[in-house]
Each structure stands twice: as C-alpha cells, then as structure tokens.
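These figures come from a predicted structure and were not determined experimentally.
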Amino acid sequence: MALITKKPRGTEDLLPRDSYRWQFMEKLFHEEARAFGYQEIRTPVFEHTELFERGVGGTTDVVQKEMYTFVTKGGDSITLRPEGTAGAARAFLEHGLHNDPLPIKVFYFSSCYRYEKPQAGRLREFHQFGMECYGTQNPAADAELITAASNIFERMGLKNIRLEINSIGCPKCRAEYHKALTEYFSQYKDDLCEDCRDRLERNPMRLLDCKVPHDHEIAKGAPTVLDYLCDECREHFDSVKGYLDANGVAYTVNPTIVRGLDYYTKTVFEFISDDIGAQSTICGGGRYDGLIEELGGNPMPALGFATGLERLLMTLDAQGIEIPEPDPCDIYIGSMGEDAHKKAGALVNTLRKAGLYAEYDVVGRGLKAQMKYANKLGARFSMVLGDDEIANGTAKLKHMDSGEQREISLDGDEFIREFTAAKIEEEFKE
Ligand code: HAM
C-alpha cells in the first residue's frame with residue numbers, strides 16, 4: 001500500500017520548530033482582547049449549511065462556490081465554517097447572550113475552510129483571529145473595534161499597513177443604490193459573467209466584488225455607494241472617522257470596498273499590506289446590524305473583524321520582523337551509572353515543578369552523546385552526575401557559553417535555590 005505522505009492541496013502543517021511563531025501571535029491577540037474586554041468563544045468547525053446560506057448570503061462567492069458542504073449519514077447538510085462570524089452569531093442567539101449586559105464582546109481563533117484556488121496567501125484551510133461585538137449602534141464602537149485591530153498590527157511591529165474604510169449604508173439607503181447599480185450594469189448585461197447576470201437580478205452590490213477581470217473592469221465605472229447614503233448613515237460614517245482621528249488611527253476612505261460577504265451594513269474596512277502579493281488583505285470587517293435578525297433573533301446591532309493568521313505571518317516575514325524565539329533549555333543534567341541517572345531524573349523533576357525547563361537522558365545515550373545533545377538543545381547550564389557527585393552530595397554546575405563552573409548542592413531545596421541564583425546572575429550579565 002502506498003504511503004500517504006501528501007497533505008491535501010491548500011492546507012499547511014504547523015511544524016514544531018515553527019509553533020512559537022503562532023504562539024507569539026496568539027499571546028498578543030489574547031493580551032489585546034483582554035485590554036478591550038473581549039472574552040473567548042469557541043464554536044463548532046461545522047454548522048448547518050443553512051446558517052451560512054442565510055448569514056453569509058446566497059449570492060456570495062463564498063456560498064456559491066467555496067463551501068465544503070456534505071450530507072451526513074443522518075441526512076443533514078453540513079458545512080465546514082468558511083468564516084467565524086455566522087457561527088458566533090448563531091451561538092449568541094442559541095445561548096441568549098443578549099440577556100447579559102451589553103455590549104457583548106467575543107473573540108475567537110478559528111480554522112476556516114474555503115474551496116478556493118490555492119496561491120500565496122490563499123489557502124483552503126486557513127486560520128482567523130476575530131473579534132465580534134454585539135449590542136451597540138454607536139459609531140464609537142466602530143472606531144474602537146478598528147482601533148483594536150490597528151493596535152494589534154502596531155504591537156507586532158508591522159509597517160506600511162494601510163487601513164481603508166467605507167460605508168455601504170443601511171437597507172433604507174441601499175434600495176436607491178441598488179436601483180442605480182442595476183441601471184448601470186444593465187448596459188453591460190451581455191458582457192457580464194453568468195454569475196453576475198444572476199446577481200444583477202438578486203443582489204446588484206455583489207457585482208462590485210466579482211473576481212472575473214472583465215467584470216471587475218466594468219465595476220470600476222459603477223456609481224459609488226457614498227453618493228447614496230441616507231443622512232443617518234452619512235452622520236454615522238462621519239462620526240466613525242472623527243473617533244478614528246481622535247484615536248490617532250490613520251485611514252483612507254475607499255468607496256470601492258464592499259466586502260465579499262452579504263451581512264455588512266454601514267461601516268466596512270480592510271487592512272492591506274503591499275508586501276505579500278495579490279492576496280494583500282490581512283484583515284477585514286465591519287458592521288452587520290441585520291445579521292442577528294436574519295438568523296431569527298430580535299434586532300441586534302453588531303460589528304466585527306477577522307484577520308488571517310497565515311497572511312499576517314507572511315507580512316511579518318516579508319518585513320523582516322523577528323519573532324522572539326522561545327527560551328532555551330535551562331539545564332541539562334548528564335549522568336553516568338544507575339544511581340546518578342535516578343538522581344538526575346529526580347532533580348530534573350524538582351526543577352520542572354518549579355517551572356523551569358530541564359532535561360536529562362531518557363534515550364540511553366552515553367555521557368559524551370548526552371552532552372552533545374545538551375549542546376544541540378542550546379541548554380544554558382549543564383551538570384554531570386557520577387558516583388563521586390552522589391557520594392559528595394555536590395556537583396559542578398557549568399554555564400555552557402562561558403564555561404564557568406561553580407559548586408552546587410544536590411540537596412533538593414538547596415539545589416533549586418543555588419541554581420536559581422546562578423541563573424539570575426547569568427541573566428543579569430547578559
Ligand atoms: P474575510 O474578509 O472573508 O472576512 O476574511 C477575513 C480575513 O481572513 C481576510 O482578510 C484574510 O486575511 C483571511 N482569509 C480569507 N480567506 C482566506 C484564504 N482563502 N486563505 C488565507 N486567508 C484568508 C470574514 O471572514 C469576516 N467573517 C470578517 C468579519 C468578522 N466581519 C465581521 N466580523
């Protein structure tokens with residue numbers, strides 16, 4: 001039987017040597033979420049297909065072309081989540097989270113699945129960090145959310161990140177805009193792709209988001225939504241900009257941003273990096289005041305964003321930003337002979353209980369090979385135990401870089417105290 005050694009197209013393995021890079025981002029997200037009062041939510045990887053059809057929208061590329069949908073043995077249609085907003089909104093409703101004091105603020109790390117053509121920065125399984133906020137229509141909340149994303153990228157040390165914002169209005173002003181779009185695109189009806197001809201009838205705004213190059217060209221001449229905003233939406237947008245200015249978050253207004261998902265209302269935004277090629281949007285989001293109602297709840301304004309972790313990492317790499325490597329092994333305790341080996345194991349365990357990273361031989365290597373391994377681990381300190389050390393109750397603690405040695409007691413409490421002192425002393429020197 002052939003060995004199965006190839007992962008499915010558009011997926012990536014995270015190898016042990018790289019996991020610290022993800023942990024760096026995750027730690028930063030956790031800290032930022034806490035600073036903004038967001039709590040974690042975890043929802044299933046799969047949901048009922050209808051959730052995404054209704055939530056994300058039946059005329060979007062995501063729903064029409066990209067979903068991983070299958071029928072279960074029980075006959076249900078299930079879809080791997082293509083994004084995190086719909087699942088979080090479903091959980092919000094199912095568990096009556098609106099009964100808690102508003103606003104409700106949640107964040108998530110989610111693997112997402114979209115059957116797209118893989119290329120740099122575009123995967124079929126990818127990962128998002130997202131923040132969602134429910135229960136406020138206030139423009140200060142839009143600015144706060146955008147500021148949270150901006151702070152994250154700033155703390156990561158990212159440069160040359162552009163923030164582009166737009167308002168796509170509410171159902172009230174959108175009716176007029178739809179009319180204008182339908183009129184405009186109807187002139188080109190015969191030139192449009194088949195999907196867009198259908199979208200022209202069902203949801204003309206989706207034509208602005210078509211990835212077919214010819215349609216994209218036609219879309220460039222379309223009326224812009226900002227010219228059709230009602231007074232309320234215009235005031236809301238002006239106010240969001242005012243709060244962003246007050247927060248010192250730089251942005252440009254890009255009236256062509258409409259986003260690829262149907263639930264958005266009013267504010268939409270994207271963060272773009274010019275350092276990672278065609279798939280340059282590292283973060284996208286906006287307000288979605290109609291989604292909760294669309295899914296069967298009472299009206300509940302909401303807003304959020306998600307950032308793609310793979311694209312973020314690509315940007316960090318492209319900009320030469322170094323991610324701090326994990327601390328190396330604190331100490332390797334080598335040993336010769338059975339008694340010494342047991343003592344080494346006991347000391348290592350004492351160190352580990354104290355929260356230190358300590359290793360000893362569990363492979364059966366000779367002493368020379370043990371010390372070679374200690375070098376490979378980059379251990380800060382090492383120590384060798386043999387019959388003499390066990391008999392004396394002391395050993396030589398060696399600082400690996402400088403070669404400096406000092407006597408250390410092998411008595412449990414004494415040992416920890418003296419080792420910690422040596423470690424602090426060396427860190428101080430560094
Ligand atoms: P989205 O723009 O579809 O929005 O995706 C958000 C981010 O996920 C993108 O900016 C990108 O960084 C990353 N991403 C999307 N597709 C892929 C892919 N195929 N491969 C790699 N990365 C990808 C949403 O998903 C919304 N749920 C965001 C949101 C949250 N809006 C409100 N709340």
Return yes if some donor-acceptor pair links the side-chain N/O of D215 with the main-chain N/O of C210 below 3.5 Å, else return no. no
Nearest 0.5 Å, what's the NZ-OH distance between K241 and Y251? 6.0 Å
With the threshold set at 4.0 Å, does a side-chain nitrogen-carboxylate oxygen contact exist between E125 and K7? no
Taking D330 for the side chain and Y357 for the main chain, is one N or O donor matched with an acceptor at less than 3.5 Å? yes
Does a salt bridge link R206 with D61, judged by any charged N lying under 4.0 Å from a carboxylate O? no
Sub-3.5 Å donor-acceptor pair from the side chain of D13 to the main-chain atoms of L15, do we have one? no
Only one of R365, R380, R352 passes salt bridge (Lys or Arg N to Asp or Glu O under 4.0 Å) with E359; say which it is. R352
For residues Y264 and M205, determine if any side-chain heavy atom of one lies less than 4.5 Å from a side-chain heavy atom of the other. no
Within a strict 4.5 Å, meaning less than it, do heavy atoms of the Y108 and Q128 side chains meet? yes
Donor-acceptor contact present, side-chain N254 to main-chain I165, <3.5 Å: no
The single option from K376, K398, Q370, M400 passing side chain to side chain contact (heavy atoms under 4.5 Å, CB included) against Y332: Q370
Value rounded to 0.5 Å, distance of OG1 in T252 from CD in E164: 4.5 Å
Take atom NZ in K211; do more than 12 heavy atoms of anything else shown fall under 6.0 Å from it? yes
Run the salt bridge (charged side-chain N to carboxylate O under 4.0 Å, His left out) check on E404 and K396 step by step: do they pass? CA-CA 10 Å; E404 264 174 42; K396 289 262 165 34; over 6 Å; no
Contacts of N247 meeting side chain to side chain donor-acceptor pair (under 3.5 Å) (sequence neighbours excluded), chain-then-number -> T147
Kindly indicate whether the side chain of R124, heavy atoms from C-beta on, has any atom under 4.5 Å from the side chain of Y115. yes
So which atom in A148 and which in M131 form the shortest heavy-atom distance, rounded to 0.1 Å? CB-SD, 4.0 Å
Taking only Lys NZ, Arg NE, NH1 and NH2, and the carboxylate oxygens of Asp or Glu, determine whether R197 and E194 approach each other closer than 4.0 Å. no
Are the charged groups of E418 and R406 less than 4.0 angstrom apart, N to O? no
Using ring pair (Phe, Tyr, Trp, His ring centres under 6.0 Å) as the criterion, list what pairs up with F153, not counting sequence neighbours. F271
With the side chain counted from C-beta on, respond yes when Y360 and L385 share a heavy-atom pair under 4.5 Å apart, and no when they do not. no
May I ask you to check whether over 12 heavy atoms, not counting those of R155, lie within 6.0 Å of atom CZ? yes
Under a 4.0 Å N-O cut-off, is there an ion pair linking R259 with E83? no
Contact check, side chains of I218 and L192, non-hydrogen atoms, under 4.5 Å: yes
How about F46: does its CZ atom have over 12 heavy atoms from other parts shown lying under 6.0 Å from it? no
Working to the nearest 0.5 angstrom, can you tell me the gap between I321 CD1 and L316 CG? 5.0 Å
In Å, rounded to the nearest 0.5 Å, how long is the span from CD of Q64 to CG of D198? 6.0 Å
Closest heavy-atom contact between C173 and C230? CB-N, 3.3 Å
Kindly indicate, with the supporting measurements, whether the criterion side chain to side chain donor-acceptor pair (under 3.5 Å) is fulfilled by Y263 and T85. CA-CA 10 Å; Y263 44 63; T85 308; 3.1 Å; yes
Determine, for K266 against E232, whether the closest basic-nitrogen to carboxylate-oxygen distance falls under 4.0 angstrom. yes
Go through the steps for H236 and D142 under the test side chain to side chain contact (heavy atoms under 4.5 Å, CB included), then give the verdict. CA-CA 10 Å; H236 186 272; D142 304 48; 3.0 Å; yes
Flag the pair N203 / H178 as yes when at least one side-chain heavy-atom distance between them is below 4.5 Å, and no otherwise. yes
Whether R162 and D274 form a salt bridge (side-chain N of Lys/Arg under 4.0 Å from carboxylate O of Asp/Glu) is what I want to check. yes
Could you tell me if the ring centre of Y38 sits under 6.0 Å from that of F107? no
Which heavy-atom pair separates L226 from R234 by the least distance, and what is that distance? O-NH1, 3.5 Å
State whether the number of non-hydrogen atoms from other residues, nucleotides or ligands found under 6.0 Å of D231 atom CG is greater than 12. no
With sequence neighbours left out, what residues match V45 under side chain to side chain contact (heavy atoms under 4.5 Å, CB included)? L80, R81, S111, Y113
Are any side-chain N or O atoms of S280 and backbone N or O atoms of I276, one a donor and one an acceptor, separated by less than 3.5 Å? no
What do you reckon, is CD of E50 surrounded by more than 12 foreign heavy atoms closer than 6.0 Å? no
Where L295 and A86 come nearest, the two heavy atoms and their spacing: CD1-O, 4.3 Å
Does a sphere of radius 6.0 Å around CG in N298 hold more than 12 heavy atoms from other residues, nucleotides or ligands, not counting ones at 6.0 Å or beyond? no
Can you spot which of H48, H95, E47 makes a side-chain hydrogen bond (donor to acceptor under 3.5 Å, both in side chains) with R90? E47
Does R417 pair with E414 as a salt bridge, N-O distance under 4.0 Å? yes
Should D195 and K65 count as an ion pair when the cut-off is N to O under 4.0 Å? yes
From CZ (R174) to CD1 (I168), nearest 0.5 Å: 4.5 Å
Which atoms form the tightest heavy-atom contact between P118 and R9, and what is the distance? CD-NH2, 3.5 Å
Strictly under 6.0 Å, is that where the ring centroids of F109 and H30 end up? yes
Taking the side chain as every heavy atom from C-beta outward, state whether L312 and F129 have any atom pair closer than 4.5 Å. no
Taking the basic N atoms (NZ, or NE/NH1/NH2) and the acidic carboxylate oxygens, is any pair closer than 4.0 Å for D209 and R199? no
For Q319 and K159, indicate whether the former's side chain and the latter's backbone hold a donor-acceptor pair under 3.5 Å. yes
Please find the pair of heavy atoms, one from V240 and one from A143, that lie closest to each other, and give the distance. O-CB, 4.1 Å
Lys/Arg-Asp/Glu bridge criterion (N-O < 4.0 Å) met for E426, K429: yes
Below 4.0 angstrom, N of the basic side chain to O of the carboxylate: do E40 and R34 qualify? no
